[in-house]
Amino acid sequence: MDIKQITELIEVLVSLISAISWPLVAVFIVVFLGKPIKEILRNVSELSLKAGGFEAQAKTREIEAAASLGAAVAQEKSASKPENKIATENESFKIAGLVNRVFQPRVINRLINRKILWVDDRPDNNFYERRSLEALGIQFTISKSTEDALNKLRQNNYDVIISDMGRPEGDRAGYKLLDEIQKMGIDTPFIIYSGSNLPEHKAEARQRGAYGSTNIATELFELVVLSIG
């Protein structure tokens, strides 16, 4: 199926599906058909869509968030099980439902223009996760080390801090950063996005003062939205 056929399919589906199905269509196209997100957005933006009371621009951003989360989940599955690179049907419906719940005016209004500091020595690994949150109007600053992150925190205010755990500076660099910002009296919600999702690691993160810890893209998306009160 080429992009023209996909566009025609979307146009037909417009008159048949509810607003919640739009994110599901995006996940389906990205994950199951393997189409790049930019192709979806380029073609969707050509349609004058109004669904569920949202203007076309907002709907396009909702589709981008869902497509990006779908790509992030597919990337996670590929990394853990190379033979299984696609999201399951249940995962796709979960992504669609999650994004649809977030894209409500009262939620978007409190998320737009919020600032997140993301600390990771390999930021390219989190491209799709960031893109899903950028679709909400959130702005990111990237830092690759604890020292650089602390310098940025001395000069700027952020609404959320996301950090990996292990970096070249140490296997528990994420906790070192958390300790340092607590010494500075900064109480910004701190989320660990790292390789483990074991209950004991999540519990340790909370005990140390983190808002949450996960290695799952959809959970990160939810944690960020919830942490911005």
Side-chain angles (χ1 to χ4, degrees), residues 3 6-76 87 91-118 123-124 126-142 158-160 162 191 193 216-229:
I3 193 64
I6 291 173
T7 304
E8 291 173 351
L9 172 62
I10 292 176
E11 290 176 319
V12 171
L13 288 171
V14 169
S15 62
L16 300 176
I17 59 180
S18 64
I20 194 172
S21 294
W22 271 105
L24 185 60
V25 170
V27 176
F28 174 80
I29 293 174
V30 169
V31 178
F32 291 94
L33 299 184
K35 292 295 180 181
I37 294 172
K38 64 181 180 181
E39 290 189 5
I40 298 173
L41 298 176
R42 182 171 63 247
N43 285 274
V44 169
S45 64
E46 293 173 0
L47 305 175
S48 297
L49 298 181
K50 285 190 177 182
F54 293 105
E55 295 295 331
Q57 184 178 7
K59 182 52 60 180
T60 300
R61 290 193 292 113
E62 183 177 355
I63 292 169
E64 180 176 5
S68 298
L69 270 182
V73 170
Q75 185 171 269
E76 288 170 359
E91 287 170 330
S92 298
F93 273 100
K94 179 180 179 180
I95 291 168
L98 170 60
V99 171
N100 184 255
R101 289 195 303 274
V102 170
F103 269 85
Q104 307 297 324
R106 62 181 179 79
V107 180
I108 293 298
N109 286 341
R110 67 178 172 84
L111 295 175
I112 194 166
N113 294 326
R114 294 302 187 108
K115 296 177 172 59
I116 293 181
L117 176 64
W118 195 316
D124 289 347
N126 307 310
F127 172 79
Y128 291 116
E129 289 90 335
R130 286 199 306 276
R131 188 158 186 173
S132 70
L133 291 163
E134 285 171 340
L136 306 179
I138 293 172
Q139 301 172 10
F140 283 94
T141 297
I142 304 300
Y158 298 95
D159 298 288
V160 180
I162 301 173
I191 299 171
Y193 190 57
I216 299 173
T218 51
E219 287 187 7
L220 176 68
F221 189 90
E222 289 183 282
L223 283 169
V224 169
V225 172
L226 291 171
S227 68
I228 300 176

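Not a single donor-acceptor pair under 3.5 Å links the side chain of Ser68 to the backbone N or O of Ala65. Glu76 places a side-chain N or O within donor-acceptor distance of the main-chain N or O of Ala217, the cut-off being under 3.5 Å. Judged by distance alone, the side chain of Asn100 and the main-chain N or O of Ala96 form no donor-acceptor pair under 3.5 Å.
Contact between Glu129 and Tyr193 at its shortest, heavy atoms only, is OE2-OH, 2.7 Å. Across all non-hydrogen atoms, the minimal contact from Ala66 to Ile95 is O-CG2, 3.7 Å. The two residues Lys94 and Thr218 make their nearest non-hydrogen contact at NZ-OG1, 4.1 Å. Of all non-hydrogen atoms in Val107 and Val225, the two that sit nearest each other are CG1-CG1, 4.2 Å.
Within the model, atoms CZ of Arg130 and CD1 of Ile142 stand 4.0 Å from one another, a figure rounded to the nearest 0.5 Å. A distance of 10.0 Å separates CG of Leu136 from CZ of Arg110, quoted to the nearest 0.5 Å. Of the inter-residue distances, the one linking Ser227 atom OG with Ile116 atom CD1 reads 6.5 Å to the nearest 0.5 angstrom. In this structure, Leu133 CG and Ile138 CD1 are separated by 5.0 Å, a value rounded to the nearest 0.5 Å.
With a 4.5 Å cut-off on side-chain heavy atoms, Leu220 and Asn126 do not count as touching.
For Arg114, the side chain to side chain donor-acceptor pair (under 3.5 Å) partners two or more places apart in sequence, or in a different chain, are Asp159. By the ring-ring contact (aromatic ring centres under 6.0 Å, His included) test, Phe140 pairs with Trp118, sequence neighbours left out.
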Please walk me through it: do Thr141 and Lys115 pass side chain to side chain contact (heavy atoms under 4.5 Å, CB included)? CA-CA 8 Å; Thr141 297; Lys115 296 177 172 59; 6.0 Å; no

